[in-house]
2 protein chains.
Amino acid sequence: MSRTTSELEGAVLGVIWQEGPCTAYTVRKRFVASPSPQWSGSAGAIYPLVRRLEKKRLLASRILTSTKRGGRLYTLSSAGQKVLDEWIKPPLSPMVTGVPADPLRTRIGFLGALIPARRRTFIEAALRGNDVEIQTTLVEIKDSREKNDHWHLLAAQGALACLRARRTWLRAAARSLHRKRRAAAAG
Amino acid sequence: MSRTTSELEGAVLGVIWQEGPCTAYTVRKRFVASPSPQWSGSAGAIYPLVRRLEKKRLLASRILTSTKRGGRLYTLSSAGQKVLDEWIKPPLSPMVTGVPADPLRTRIGFLGALIPARRRTFIEAALRGNDVEIQTTLVEIKDSREKNDHWHLLAAQGALACLRARRTWLRAAARSLHRKRRAAAAG
DNA sequence: TCCATCATGTAAACAGTTACATGATTGC
DNA sequence: GCAATCATGTAACTGTTTACATGATGGA
């Protein structure tokens, strides 16, 4: 009967669970601040979504009186809590456990379309970009440790593990390119 | 002047570059067969997209005469080659180098919403699902090695690296849960 | 011959982005 | 008091999925 919960819906319920009573803008800021560029956290996505969730009785809201601007303070209802629970817990679909999409990896799959000289340039740029992300993530880890935010820390550590693995892989790719070039020169 | 190339557009151009002259259905199959559940490769996405790309002169097509069913054989035009090139090569936006989205990681960030007993269950299910993906990827690696598909091999190795890192991370998460539980019991 | 599935598509529903609008609040 | 930006929203556009339709092809 209940339609399946989308990633964004689940994440919004999760944020409201974490933040306690909060406005749509608070939720929005969380997505905008998120290091992963998964969602933009655009107003056009969040405001209509929380309205939908409220209509489904997964969120309760009361009007903000402390400010003249209006707006609503949202809380997770018990039905919302349950939906959040169902969204997180097993069984985990392949969509959840499957190989996460990585635009960098996608491009590597078509790297042969570049002229050889550009391939090396690509890998170098990728390594630089990846290192920037690693630095950002280290800061994020430090922050969540200081705030004692156990789950966020765990998630950030997962992101770091992924980035470090990507780094090792990219370096191996660079070496493999090098071998290929030498083989081509020799053959 | 030219609008930015989306991930799906880039990937479709890449597939047609790889496969040589091929039909929309061939492209579609590639996405459906892809281990990453990023795109469904649905007909409603691919057929209109190749049409759009053709209208933009990035693809050329000729009608299939060998079959009665009709359909078209698409080829990358030189303009298409150029767009593919631009799409792959640096500068790489944060959207490309950023932390790849991982639904598993997202859920871990909200794991505190589950009752403690369920948290362990989640991690175990995640590990099982992850191991299945590792097996699938190993097969993929074997295949591309046999087919001497260098770039696809490289991409699959990247996927494997990511999955292995995820495995290590999940095991660490399980240990961390365990510590937490013991601390709670003791405190 | 008949049934499954291949291959090509289309249409409606839906979700998310961009861009805009508007009033409140804050800092100078 | 004025400018910047905060906060709340809306509307149009775009792209993707789901579901359907339809004829071709291949194997029993």
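What you see is a predicted model; the values in this text were computed from it and never measured. Numbers restart at 1 for each chain; the letters A, B, ... are given by sequence-line order, proteins then strands.
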Could you check how far [atom1] of [X] sits from [atom2] of [N], rounded to whole Å?
X     : N      : atom1 : atom2 : value
A:W39 : D:dG15 : CH2   : C1'   : 18 Å
B:Y74 : C:dT8  : OH    : C1'   : 10 Å
B:I46 : C:dT10 : CD1   : C1'   : 15 Å
B:E9  : D:dT16 : CD    : C1'   : 13 Å
B:K29 : C:dT8  : NZ    : C1'   : 13 Å
A:I63 : D:dG9  : CD1   : C1'   : 15 Å
A:F31 : C:dT17 : CZ    : P     : 10 Å
A:R72 : D:dT8  : CZ    : C1'   : 12 Å

Tell me whether A:L59 is reachable from A:L73 by hopping between hydrophobic residues (I, L, V, M, F, W, Y) whose side-chain heavy atoms are closer than 4.5 Å.
no
From [options], nucleotide with atom closest to [X] side chain:
X     : options               : value
A:R28 : C:dA15, D:dT8, C:dT25 : D:dT8
A:R52 : C:dA15, D:dA7, C:dA7  : C:dA15
B:Y25 : D:dT10, C:dC6, C:dT17 : C:dC6
A:Y47 : C:dT8, C:dT17, D:dA7  : D:dA7
A:R51 : C:dT18, C:dA7, D:dG9  : D:dG9

Using side chain to side chain donor-acceptor pair (under 3.5 Å), reason through B:R166 and B:N130 one step at a time and then give a plain yes or no.
CA-CA 8 Å; B:R166 197 159 73 163; B:N130 196 59; 2.9 Å; yes
Would you please test B:R57 and B:E54 for salt bridge (Lys or Arg N to Asp or Glu O under 4.0 Å) and show each step?
CA-CA 5 Å; B:R57 311 282 176 197; B:E54 187 181 16; over 6 Å; no
So do the side chains of A:R72 and A:L64 get within less than 4.5 Å of each other, counting heavy atoms only?
no
Does any N or O in the side chain of A:W17 come within less than 3.5 Å of the main-chain N or O of B:G112, such that one atom is a donor and the other an acceptor?
no
Looking for any heavy atom pair under 4.0 Å, which part of the strands does [X] touch: base, sugar-phosphate only, or nothing?
X     : answer
A:T67 : sugar-phosphate
A:T23 : sugar-phosphate
A:L49 : nothing

Between B:G71 and A:Q38, the residue closer to the 5' end of DNA chain C by nearest nucleotide is B:G71
Has B:S42 got a side-chain N or O lying under 4.0 Å from the OP1 or OP2 atom of D:dT18?
no
